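As structure tokens, the structure follows; a few thoughts come after it.
Worth saying up front: this structure is predicted, and the values here are computed from it rather than measured.
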Amino acid sequence: MANGTSTDHPIPGLPFINDGRLPLDNPDAIERTGRNQGEGLWGRTDRAGDGGWVAFTTEPKNPSFAWAVYHHPPHGRTVLLIRDGDQSDLHHEWKYGRSGFLHRRGGYWWNGERWHRPGQVWDAAFESYAPRPVDNPTTITAADLLDSASSPQNADIMKIASFAAQDPVPNWNDHLALWAQLRASQPGGLPLDACIVDLHAPELDTESLVDMAGLARIAAISTDDLPDLKYGGRNELPEPQYEAHGCMWWSVPVAQDWAENYRRDNGPTALLSAATVYDTTQPTGLVADHNRLRSVFHDTLTEQRRRGGKKQARPYMKGDLAQSAANELAWDAAASLMYGHNQGIIPHGPLRDVLIEAILGRLAEDVERRGNEGKGRQDILLSDMPTSAVKLLIWYIRHGPVRPPTFSGKSASGLA
């Protein structure tokens with residue numbers, strides 16, 4: 001929402017607000033400013049993994065907002081005014097996110113060494129988003145932006161008590177000049193050529209950005225398959241690199257990363273799906289079970305019966321009524337097989353664990369046996385899995401293509 005006047009790394013477009021009352025050199029005191037000081041007030045501080053610290057506090061004079069401070073040796077400090085409700089999200093990102101401490105252009109981040117694209121593709125092995133460096137980035141500092149055309153007299157510093165959310169500042173370079181003028185009288189600050197403001201890269205050229213149609217094209221899907229913005233779909237899209245008049249644009253690499261993640265999440269579903277008699281799309285295992293049971297129930301419902309060993313009775317049902325009833329009964333049965341639980345018709349949890357035990361156990365036996373033969377790791381050949389294990393694995397995947405076969409807290413990919 002705003003830059004603190006003591007920040008070393010101003011965010012473009014945000015106004016500057018007086019943070020003089022904050023004890024910026026004492027994270028515990030920042031926490032105590034809000035923590036347990038009244039209803040709706042809170043504060044927190046933690047050590048960061050890079051040797052620095054992060055601290056947050058609700059602003060008592062304007063509790064809709066909170067201060068967020070990241071102290072990073074040797075890269076100075078970031079002081080931001082954020083929505084109070086965003087404290088926990090930013091705290092988690094700064095302390096656990098492994099995505100740097102400076103974020104610009106819709107999630108591009110800097111870790112003190114280089115710029116990376118927004119994290120979107122999950123790396124299960126490291127339990128974090130894959131860090132993907134930006135090609136040929138240019139870091140823009142405060143010294144790069146300040147020139148003789150900047151007029152600090154045309155800017156002002158806002159006060160926290162009266163602050164309210166506002167649109168980006170139009171003459172922001174004038175505000176940057178006023179910020180630079182104020183910090184010149186405060187000893188110990190970073191030089192202006194070390195104060196990072198923004199970045200540029202070829203992929204961020206305005207002409208190369210793509211809109212919703214371009215995002216769909218890169219993902220090889222129709223625009224109708226994109227998350228619907230009317231129903232919270234924005235949260236399923238990457239943060240845009242540029243936004244205006246209700247339209248969003250992304251860099252091509254960010255769109256490609258999103259498409260990669262989209263295909264990873266939705267590809268198995270599309271590949272292992274089929275159409276039901278109700279013209280809906282479901283996993284192939286469920287559809288196959290339903291069709292098989294439809295036939296079984298239909299035969300049962302229309303079977304001719306003998307009464308007293310002499311005379312045939314009429315079937316229970318005939319025609320469309322029999323087929324409709326068979327379809328509905330078969331769906332209930334197939335769904336019970338598909339969406340079972342540990343106490344259900346098929347206990348999926350224990351089945352999954354036994355399946356993975358069998359596969360990993362066979363691999364472990366191969367490695368141990370060949371290792372005892374004196375062969376090096378690169379010379380070990382794995383034998384074929386038992387046919388029964390293959391059939392069971394196929395059944396499991398066909399009935400839950402997006403359900404990760406987890407075991408002992410790790411995914412199958414992580415175990416491999």
Where is the tightest heavy-atom contact between [X] and [Y], given as atom of each residue plus distance?
X    : Y    : answer
L14  : M1   : CD2-O, 3.9 Å
V252 : S208 : CG2-O, 3.5 Å
W53  : L24  : CH2-O, 3.3 Å
G52  : P73  : CA-CD, 3.5 Å
S251 : Q241 : N-OE1, 3.0 Å
G106 : P118 : O-CG, 3.3 Å

Is a donor on one side and an acceptor on the other found under 3.5 Å between the side chain of [X] and the backbone of [Y]?
X    : Y    : result
T300 : V296 : yes
N111 : E113 : yes
T7   : H9   : yes
T57  : G34  : yes
S185 : L182 : yes
N171 : N154 : yes
R183 : L190 : yes
E31  : T45  : yes
D19  : T5   : yes
D174 : S151 : yes

D147, CG: over 12 other non-hydrogen atoms inside 6.0 angstrom: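 Enclosed: over 12 neighbouring heavy atoms sit under 6.0 Å from CG of D147.
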
Within 6.0 Å of OH in Y231, more than 12 heavy atoms from elsewhere: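 Counting neighbours around OH of Y231, 12 or fewer heavy atoms of other residues, nucleotides or ligands fall under 6.0 Å, so no.
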
Measuring only between side-chain heavy atoms, which start at C-beta, is [X] closer than 4.5 Å to [Y]?
X    : Y    : answer
M158 : Q166 : yes
Q87  : R44  : no
L81  : F163 : yes
L301 : L321 : no
I196 : W115 : yes
H200 : D205 : yes
V54  : L90  : no
V121 : R132 : yes

Kindly say whether the aromatic ring centers of [X] and [Y] come within a distance under 6.0 Å.
X    : Y    : answer
H290 : W331 : yes
Y242 : W249 : yes
Y129 : W109 : no

Stepwise side-chain contact (heavy atoms from CB on, under 4.5 Å) check, I17 with F65: CA-CA 12 Å; I17 194 162; F65 301 101; over 6 Å; no

Steps toward side-chain contact (heavy atoms from CB on, under 4.5 Å) verdict (F101, H75): CA-CA 10 Å; F101 59 98; H75 296 292; 3.7 Å; yes

[atom2] on [Y] to [atom1] on [X], rounded to 0.5 Å:
X    : Y    : atom1 : atom2 : answer
T78  : H71  : OG1   : NE2   : 11.0 Å
W258 : R263 : CH2   : CZ    : 9.5 Å
W42  : T58  : CH2   : OG1   : 9.5 Å
L209 : W250 : CG    : CH2   : 10.5 Å
L215 : Y262 : CG    : OH    : 10.0 Å
T141 : L146 : OG1   : CG    : 8.5 Å

Can [X] and [Y] be counted as having a side-chain donor-acceptor contact under 3.5 angstrom?
X    : Y    : result
S6   : Q186 : no
S64  : D84  : no
H175 : N3   : no
N327 : S324 : no

CA sep, side-chain torsions, deciding dist, call: R21, T33, side-chain contact (heavy atoms from CB on, under 4.5 Å): CA-CA 10 Å; R21 294 189 308 107; T33 300; 5.8 Å; no

Set of residues satisfying salt bridge (charged side-chain N to carboxylate O under 4.0 Å, His left out) with respect to R234, sequence neighbours excluded: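 Result, salt bridge (charged side-chain N to carboxylate O under 4.0 Å, His left out) vs R234: E243.
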
Trace of the side-chain contact (heavy atoms from CB on, under 4.5 Å) decision for I11 with R104: CA-CA 8 Å; I11 295 179; R104 300 290 188 270; 3.4 Å; yes

Residues E203 and R105 bridged, charged N to O under 4.0 Å: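 Salt bridge flag = no for R105 with E203.
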
Pairwise salt bridge (Lys or Arg N to Asp or Glu O under 4.0 Å) hits with a residue in residues 66-81, at least two apart: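 Non-adjacent pairs meeting salt bridge (Lys or Arg N to Asp or Glu O under 4.0 Å): D25-R77.
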
